[in-house]
Trainee: 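Below are the structure tokens for one structure; questions will follow.
What you see is a predicted model, and the numbers here were worked out from it, not measured in a lab. Read the numbers this way: they start at 1 and go in the same order the structure lists the ligands and their atoms.
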Amino acid sequence: MNKIDIKSLSKNELESKLKKLGEATYRARQIFKWLYKVGVASFYDMTDIPLNFRKILKNNFYIMHLVVVDSKHSSLDGTAKYLFKLKDGNTIESVFLPEPKRNTICLSSQVGCKYACSFCASAPFGFVRNLSTSEIIDQVIILKKEKFSSNITNLVFMGIGEPLDNYNNVIKAIRIFNDKDAVNIGARKITISTCGIIPGIKKLENEHLQIELSVSLHSAHNNVRSKLIPINKKYPLRDLIDACKEYIKNTNRIITFEYILIKDVNSSEGDALGLAKLLEKIKCKVNTISYNQISAKNYKAPSARDVKKFMQVLKREGINAVMRKSKGEDIDAGCGQLRIARL
Ligand code: SF4
């Protein structure tokens, strides 16, 4: 009999499996606590469950575990980066980002990525497969349990992969992260970041999840954006902005637009004006960050003076923009770089 990956089941799915095994459905809550709050590796460690039922669980399910194969720790700001090995030998990365008032984990959602954004360290080796729900969740369980006593307050899907391209597994993982019997992280503290997959944005509107949505923009001009994010040819800016407006209207949430500033590509005062024009009257925030030059790419970060001018134009035009600081600069903390080194 094929055993079931228990961490890939929602609470409802687990309840119905338990029912079929003749057990009370409240056991699902107990099992969730052992799996996600304690992070047990074996059903025999679930000590408040009768021994004979632990045996039944072992015969019907298995507990998936990622294996840490490498890690790097920043001496500058405490950022830590982990490379995990999956059961099939593939690898993925997660990053822990400590800040005074919150601790964030940046999660991967796929092995590789099919979207080939030209600035991205995850892109060069192409797409391999989607992560299962359990592989997404275990990134958090391992970092939470083994490496940090600090509370994990925020999760961002900004690691390897496009989360809206692995829609069902990502949404199921978010519901488990959000569950008070599991990881218990508020939906508003969970961010999905997309390169602009319009069908995914539309689908997300109907999930009634209070999560944050962040959209990678990186240019207000179609030709430049298409070079940076090739999927822009399929989902061009005008359609993307219309989908974002609809999302904001239908969910009553705001969207954060991400903008990586790259020298001589998208960081002039004219680019800032174009961005302000594109986003005028949209309920949104803009996060800008200078390109991380450690990556193995030809792009460069703009000068501090050019960044300042860019931000001044956005402010003058009434755009709510924040300049983010790169984290873990001493450990190549941009996602995908440990995996590349290994491959
Ligand atoms: S930026 Fe995101 S969508 Fe683009 S290639 Fe990298 S992982 Fe994929």
Trainee: In terms of atom number and element, which parts of ligand 1 are under 4.0 angstrom from non-hydrogen atoms of C120?
Mentor: 1 (S), 5 (S), 6 (Fe), 7 (S)

Trainee: Is it true that V68 and V40 fall in one hydrophobic cluster, defined by side-chain heavy atoms closer than 4.5 Å?
Mentor: yes

Trainee: Which atoms of ligand 1 have any heavy atom of A116 under 4.0 Å away?
Mentor: 5 (S)

Trainee: Hydrophobic cluster mates of Y44, side-chain heavy atoms under 4.5 angstrom, ILVMFWY only, any path?
Mentor: L51

Trainee: If we set the cut-off at 4.0 Å for heavy atoms, which region of S216 has an atom near ligand 1: side chain, backbone, both, or neither?
Mentor: neither

Trainee: What about L273 and V307, same hydrophobic cluster or not, with Ile/Leu/Val/Met/Phe/Trp/Tyr joined at side-chain heavy-atom distances under 4.5 Å?
Mentor: no

Trainee: Please identify which atoms of ligand 1 are closer than 4.0 Å to at least one heavy atom of C195.
Mentor: 3 (S)

Trainee: Which part of C117 is near ligand 1, with near meaning a heavy atom under 4.0 Å away: side chain, backbone, both or neither?
Mentor: both

Trainee: Would you say Q110's side chain and E162's backbone share a donor-acceptor pair under 3.5 angstrom?
Mentor: yes

Trainee: Looking at residues at least two apart in the chain, or sitting in another chain, which of them share a side chain to side chain contact (heavy atoms under 4.5 Å, CB included) with K249?
Mentor: E246

